[in-house]
Amino acid sequence: MKNKNVISIALAGVLTVGAVAGLTGFASKDTVSATTFTAESDTEEGTSLLTTVSDDSVTEESSSSSSSETLTVAEVAAKALPSVVTITNTSVTELENYYGGYYGYFYGYGSDDEGTTTYESVSVGSGIIIGENDTELLVLTNYHVVEDATELSVGFINEEAAEAVIKGTDASIDIAVVAVQLEDISDETMSEIAIAEIGDSDSLQLGEQVVAIGNALGYGQSVTTGIVSALNRVIELDTYTAEMIQTDAAINAGNSGGPLLDMNGRVIGINSAKASSTGVEGMGYAIPISDVVEIIEDLMNKQTRTETVSEEESAYIGITGQEVSSEMSSVYGIPEGIYITEVAEDSPAAEAGLQAGYIITKFDSTSVSSMTDLKSLLAYYAGGETVSIVVSYQSNGTYVEETIELTLGLLSDYQDTTSEEEDTSDSNGRGGVPGNN
């Protein structure tokens, strides 16, 4: 029987301490510099379940190590460190300007408006090299490590860093895949890094020894060890509920996205959360790798989109919608995503079968939670492209999930319709108007 002892608290970017036990994520926000201090790279490389990918498909699975002998902690670390990276996320945060006006401007709050102030923040986390295609190195991490990123960089074992872009995300299970262009990585670094070997989390047993590696506190990779304390532990975070591996291996701020390893040096979990409180010790949580392998492969095989399309190619869907936030999802039991309030007549959305009341949760394998998310994604897609979207809708009192193929329209073909709508709404450019894409 699965343990249903549920711990509930919002996922956070900074390790926190308080009087009440809670779960925190480990992207260390604005706490330390992103300087990377790494171990030696004298390692043996392991084979990988996700060894390489092409533009169209994942290559056939490689077998795990044939040896049944376990390694020492030092040997596990030496084997795994070349496949572990640091991730630095630069994002722009918008805060309400409580002091506002000239007072706020005079005292350096950056705005002479009474509305909001934006500032740049930096967070650091970890990642796992899981594959390579003809042009990219692919890295697995947590969604909350790369969330809202305006710039991403990946640091390797030899302290070299390279720019990265988000290839795909699934916020519902807190995973993301980012891509680094191979041309941006030196030959020396390529000779020192390795693709992680993927293990089988379904075969884990209570009490089994494990090793965690990650960019703890932003100081660079550190290694801790412990045991599997519990399996299928149900925890509730701010954005999702999941069954996780519980371990007493020390996990700290910055460890998010790093690997939890078995004693053959194989990845059996993605470190994601921990209980943090006075009187609580040794309760860290990792996403079981076997539960998410198929989703990871889907994200790996997405087309990486780094350039927005021209105005002439701008895409149009034809929906009006509103955000279903994590708070609304928790209170009302509605899936988090975009609640469709209206579908334009004769629009691409109508032709695909979308209806008012449907909730869009994914667009081309990437999670969306607001019309702003959808608008941002849509800027990289041209009219005429066909994409898969995932929707949820009520059936017999419960929400069911369905994948729908949607052929995007050209915005220019619907310009007369959207221009009329813009008379009563602020324009958001390519997608039509806010809430109408």
Side-chain angles (χ1 to χ4, degrees), residues 10-16 24-32 34 85-97 110-111 115-127 139-155 161 163-180 215 218 237-240 253-257 270 272-273 299 302 304-308 321-329 336-338 360-380 428-429 431 434 437:
L11 186 68
V14 184
L15 184 64
T16 59
T24 55
F26 309 115
S28 180
K29 205 81 156 177
D30 286 328
T31 54
V32 291
V85 301
T86 62
I87 295 179
T88 302
N89 173 355
T90 302
S91 60
V92 175
T93 303
E94 188 175 89
L95 291 180
E96 185 174 352
N97 189 2
S111 173
T116 58
T117 299
T118 59
Y119 73 96
E120 189 175 87
S121 60
V122 176
S123 60
V124 293
S126 306
V139 175
L140 173 66
T141 187
N142 286 134
Y143 170 74
H144 73 263
V145 171
V146 300
E147 185 177 9
D148 299 327
T150 55
E151 293 180 17
L152 281 177
S153 65
V154 168
E163 182 180 355
V165 295
I166 297 174
K167 192 173 182 73
T169 66
D170 193 324
S172 66
I173 54 173
D174 196 26
I175 63 171
V177 172
V178 302
V180 181
N215 185 20
L237 295 168
D238 186 44
T239 55
Y240 69 105
N255 272 108
S256 273
I270 309 161
S272 298
L299 296 178
K302 280 193 62 175
T304 304
R305 297 175 185 260
T306 58
E307 296 183 2
T308 58
Q322 63 185 48
E323 176 183 3
V324 179
S325 66
S326 57
E327 291 81 6
M328 291 175 64
S329 177
E336 189 174 349
I338 301 168
I360 301 175
T361 58
K362 291 182 184 178
F363 180 91
D364 194 18
S365 299
T366 295
S367 298
V368 289
S369 60
S370 68
M371 294 299 287
T372 300
D373 288 346
L374 183 57
K375 170 193 167 186
S376 297
L377 282 172
L378 205 59
Y380 295 88
N428 79 348
N437 280 287

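Given the structure is predicted, the values throughout are model-derived calculations rather than measurements. Throughout, residue positions are numbered sequentially from 1 according to the sequence presented.
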Any side-chain heavy atom of K302 within less than 4.5 Å of one from V177? no

Measuring from atom CG of D148 to atom CD1 of I166, what distance do you get when rounded to the nearest 0.5 angstrom? 8.5 Å

Answer whether the closest heavy-atom distance between the side chains of Y380 and T308 falls below 4.5 Å. yes

Separation of N89 CG from H144 NE2 (nearest 0.5 Å): 10.5 Å

Test log, rule side chain to side chain contact (heavy atoms under 4.5 Å, CB included), inputs V145 and S126: CA-CA 8 Å; V145 171; S126 306; over 6 Å; no

Residues which pass side chain to side chain contact (heavy atoms under 4.5 Å, CB included) with S325, listed by chain and number, not counting sequence neighbours: E323, E327, M328

Residues in salt bridge (Lys or Arg N to Asp or Glu O under 4.0 Å) contact with D170, at least two apart in sequence or another chain: K362

Between S272 and I270 (side chain of the first, backbone of the second, donor and acceptor by atom type, cut-off under 3.5 Å), is there such a pair? yes

Establish, from distance only, whether the side-chain atoms of T150 and T90 form a donor-acceptor pair under 3.5 Å. no

How close do S367 and S172 get, heavy atom to heavy atom, and via which atoms? OG-N, 4.0 Å

For a quick test of reading the model, state the closest non-hydrogen atom pair linking V146 to A176 and the distance between them. CG2-CB, 3.7 Å

Nearest 0.5 Å please: distance from the OG atom of S256 over to the CG atom of D174. 7.0 Å

side-chain contact (heavy atoms from CB on, under 4.5 Å) with D373: of T366, L378, V368, only one passes, and it is V368

When rounded to the nearest 0.5 angstrom, what distance separates CG in L374 from CD1 in I360? 6.0 Å

Start with the C-alpha gap between D364 and L377, add the side-chain angles, then the distance that decides, and say whether side chain to side chain contact (heavy atoms under 4.5 Å, CB included) holds. CA-CA 9 Å; D364 194 18; L377 282 172; over 6 Å; no

What are the two closest heavy atoms between L299 and T169, and how far apart are they? CD2-N, 3.8 Å

Please identify each residue that fulfils side-chain hydrogen bond (donor to acceptor under 3.5 Å, both in side chains) with T304, with sequence neighbours left out. E136, K167

Looking at CG of N255 and CG of N215, how far apart are the two atoms once the value is rounded to the nearest 0.5 Å? 8.0 Å

Non-hydrogen atoms of A149 and S91 that approach each other most closely: CA-CB, 4.3 Å

Who passes side-chain hydrogen bond (donor to acceptor under 3.5 Å, both in side chains) against S153, sequence neighbours left out? none

